[in-house]
Structure formats: C-alpha cells, structure tokens
Peer 1: 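Supplied in structure tokens, the structure appears directly below.
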Amino acid sequence: MKRLSEPEAPAACRILDAAELLFSRQGVVATSVRQITREAEVNVASVNYYFGSKDDLAEAVFERVIARVTEERLTGLGHILSAAAAAGEAPDLARIVSSFVEPYMGDGNEDQAVLMARFILSHRLEPSDTTRRIVGEYLNPMARAYVDAFAKAVPGAETGDLFWRYLLMVSTTILTSTEDRAADRLSALSEGRASVADRGVARDALVAFAVAGIRNSAPVAFVPGTLDQPD
C-alpha cells in the first residue's frame, strides 16, 4: 500500500471518511472512485495522489477502522480488568463480552459494524497479504488479550476451550450485527415473538448467549450420525 505523505491532510481525511461510509453501505466493488470523491468533495486525482489506487484506499480504510476499534476495545478491556483487580474481584464476564460487542452493536455503530464484517468475511473467504497483515498486527494481539481476560473471569477453564469460545463469539457477533433488520427474518420465523429490529434487545441476547457459552463447563460434544436414515 502507498503510504500517505500527508496522513493528516484534510483532503485525505475526507476521502477516508467518505470511502468508509460508502464501502460499508455499498461494498468496495460497487463503490466507484468518482462516488468517493463526490462524497468527499475533492477531485478524482486526489485518490491517486494520496493513496495510489482504489485498492490502496480500501486497504487504508479497513486498517483505519480495525486499528480504531482495536484501540477502543483494548482501552475498555484494560479499565474493566484494572477496576476488578483494584476491588480484589474476578472481572465481570458480561462487561468483557460487552466491550467486544459494543463496536458492532452499540447505538450509531451500524455502518462501522458492516465495514468490519466485510473485512472479517473477506479475510475468512478470500484471505490476502493485506488481510493477513492487518489481522496479524491488530486482531491477533487483541484476541489474546480477550482470552486472557476470559481466563481471569472464568478461573479453571481450559485455555484451548477459551480460544474456541472467543472464535465462536466473534462469528456470532458478526452475523448478528449484520442481520437484515428491515426484512427481520427472526420476526417472521417466530411469528412476532422475537425481532432483530430492536438493537438493544438483540445485543442483550447476544451477550447472554456468549457469556453462557464462555462459562459452560458441561462435557458436550458433537453427535455423529444424526442425519443417517434409520434401518
């Protein structure tokens, strides 16, 4: 990626802000450079000048949002752990999980959630040198910090199990935060008994589910052959 010679230049910041908004709502492929520059109120040549190409701009946008959210999470997590240590108590697992969920499910974070989900799913389905670098630099150290926090909140849990539960929490959070609230399939399935339209209810359900899964100590395992036809 081309490194910015003027990273704080107002025009470069406006381009990043515009691209972040449009990429989250339309996707990278469906967003044109002209749409970005129109939203940013700069000329088309500015993208090449500051970033080199649309692909380089996309990398800068994804890295910026991942870096920002990682810093927010680690700061929040640090406060939770420090407060618990000062009180001589184990940290509250619901608070730990909530600090992870907040950037996806917090009020006003809808566009940010979609952009992060686009990055994570891109990395999982079509990993590249770019996504590997960003994951290695930001998300892997953060994941280890969360698993360490889980271990403090759930003494005696196996470390390997906690890493699995972290991965499952991430996957659940991504899918829940990007659910189509307008279509609200959950409401249709439940005949109105449950709905994703209320973001507060959705995040409460998500945190409760994740906390229960992380705390679980029952020996439960996959049961093979459940789809086999009976004799």
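Residue numbers count from 1 along this sequence.
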Peer 1: Do Tyr104 and Gln112 meet the criterion of a side-chain donor-acceptor pair at a distance under 3.5 Å?
Peer 2: no
Peer 1: What's the shortest heavy-atom distance between Pro103 and Asn109, and which atoms?
Peer 2: O-CB, 3.3 Å
Peer 1: How many angstroms lie between CZ in Arg95 and NE2 in His79, if you round to the nearest 0.5 Å?
Peer 2: 10.5 Å
Peer 1: Before giving the answer on salt bridge (Lys or Arg N to Asp or Glu O under 4.0 Å), spell out for Glu63 and Arg68 the whole-Å C-alpha distance, their side-chain angles and the decisive distance to 0.1 Å.
Peer 2: CA-CA 8 Å; Glu63 181 163 9; Arg68 179 179 72 227; over 6 Å; no
Peer 1: Should Val69 and Met116 count as side-chain neighbours, where that means a heavy-atom distance under 4.5 Å?
Peer 2: yes
Peer 1: When you compare the side chains of Asp56 and Ser53, does any donor N or O come within less than 3.5 Å of an acceptor on the partner?
Peer 2: yes
Peer 1: Are Val170 and Leu162 linked, directly or through intermediate hydrophobic residues, by side-chain heavy-atom contacts shorter than 4.5 Å (ILVMFWY only)?
Peer 2: yes
Peer 1: Under the criterion side-chain contact (heavy atoms from CB on, under 4.5 Å), I'd like the reasoning laid out for Phe51 against Ser46: C-alpha separation, chi angles, the key distance, then a yes or no.
Peer 2: CA-CA 8 Å; Phe51 300 96; Ser46 297; over 6 Å; no
Peer 1: Hydrogens and angles aside, do Arg181 and Ser195 bring a side-chain donor and acceptor to less than 3.5 Å of each other?
Peer 2: no
Peer 1: Heavy-atom count check: over 12 atoms from other residues, nucleotides or ligands less than 6.0 Å from Arg185 CZ?
Peer 2: no
Peer 1: According to a 4.5 Å side-chain heavy-atom criterion applied to Ile, Leu, Val, Met, Phe, Trp and Tyr, with indirect links allowed, do Leu186 and Phe209 form part of one hydrophobic cluster?
Peer 2: no
Peer 1: Decide, yes or no, whether a salt bridge links Glu110 with Arg199 under the criterion of side-chain N to carboxylate O below 4.0 Å.
Peer 2: yes
Peer 1: Would you please classify the geometry between the Phe119 ring and the His123 ring as parallel, tilted or perpendicular, with 30° and 60° separating the classes?
Peer 2: parallel
Peer 1: Taking ILVMFWY side chains as joined if any heavy atoms are under 4.5 angstrom apart, and letting links pass through other members, which residues group with Leu167?
Peer 2: Trp164
Peer 1: Applying the side-chain contact (heavy atoms from CB on, under 4.5 Å) test to Phe62, which of Leu115, Thr131, Ile120, Thr130 qualifies?
Peer 2: Leu115
Peer 1: Taking a hydrophobic cluster as the set of Ile, Leu, Val, Met, Phe, Trp and Tyr residues connected by side-chain heavy atoms closer than 4.5 Å, whether directly or through intermediates, do Phe23 and Val44 fall within one such cluster?
Peer 2: yes
Peer 1: Taking atom CD as the centre, does Glu137 end up with more than 12 heavy-atom neighbours from other residues, nucleotides or ligands that are less than 6.0 angstrom away?
Peer 2: yes
Peer 1: May I have the step-by-step check of side-chain contact (heavy atoms from CB on, under 4.5 Å) for Ile214 and Met169, ending in yes or no?
Peer 2: CA-CA 8 Å; Ile214 295 165; Met169 177 187 72; 4.3 Å; yes
Peer 1: Are any non-hydrogen side-chain atoms of Ile80 and Ile96 less than 4.5 angstrom apart?
Peer 2: yes
Peer 1: Would you call Arg133-Glu59 a salt bridge at under 4.0 Å N-O?
Peer 2: yes
Peer 1: Quick check for you: to the nearest 0.5 Å, what is the distance between Asp92 atom CG and Lys152 atom NZ?
Peer 2: 15.0 Å
Peer 1: What distance separates Lys54 NZ from Asn48 CG, expressed to the nearest 0.5 Å?
Peer 2: 14.5 Å
Peer 1: Less than 4.0 Å between a side-chain N and a carboxylate O, is that true for Asp107 and Arg203?
Peer 2: yes
Peer 1: Stepwise, does the side-chain contact (heavy atoms from CB on, under 4.5 Å) test hold for Leu77 with Leu81?
Peer 2: CA-CA 6 Å; Leu77 187 61; Leu81 297 178; 4.2 Å; yes
Peer 1: Is it true that Arg193 and Glu191 have a side-chain N and a carboxylate O under 4.0 angstrom from each other?
Peer 2: yes
Peer 1: Quick check: are there more than 12 heavy atoms from other residues, nucleotides or ligands sitting under 6.0 Å from CD of Gln35?
Peer 2: yes
Peer 1: Please indicate whether Glu41 has more than 12 foreign heavy atoms, meaning atoms of other residues, nucleotides or ligands, lying under 6.0 Å from its CD.
Peer 2: no
Peer 1: In Å, rounded to the nearest 0.5 Å, how long is the span from OG of Ser98 to CG of Asp204?
Peer 2: 8.5 Å
Peer 1: If hydrophobic residues (ILVMFWY) are linked whenever their side-chain heavy atoms come closer than 4.5 Å, directly or via other members, who joins Leu227 in its cluster?
Peer 2: none
Peer 1: Looking at every heavy atom in both Thr178 and Val114, which two are closest together, and how far apart are they?
Peer 2: CG2-CA, 4.3 Å
Peer 1: Please step through side-chain contact (heavy atoms from CB on, under 4.5 Å) for the pair Leu57 and Ile15, ending with a clear verdict.
Peer 2: CA-CA 9 Å; Leu57 172 59; Ile15 292 169; 3.8 Å; yes
Peer 1: Check whether more than 12 heavy atoms from other residues, nucleotides or ligands sit under 6.0 Å from atom CZ of Phe163, and answer yes or no.
Peer 2: yes
Peer 1: As an exercise, state the distance from OH of Tyr166 to CG of Asp148, rounded to the nearest 0.5 Å.
Peer 2: 11.5 Å
Peer 1: Taking the side chain as every heavy atom from C-beta outward, state whether Arg73 and Phe100 have any pair of such atoms under 4.5 Å apart.
Peer 2: yes
Peer 1: Could you give all pairs that pass the side-chain hydrogen bond (donor to acceptor under 3.5 Å, both in side chains) test and reach residues 213-223, with sequence neighbours left out?
Peer 2: none
Peer 1: From Arg25 CZ over to Asp111 CG, what is the distance, rounded to the nearest 0.5 angstrom?
Peer 2: 4.0 Å
Peer 1: Closer than 4.0 angstrom, basic N to acidic O: yes or no for Asp17 and Arg14?
Peer 2: no
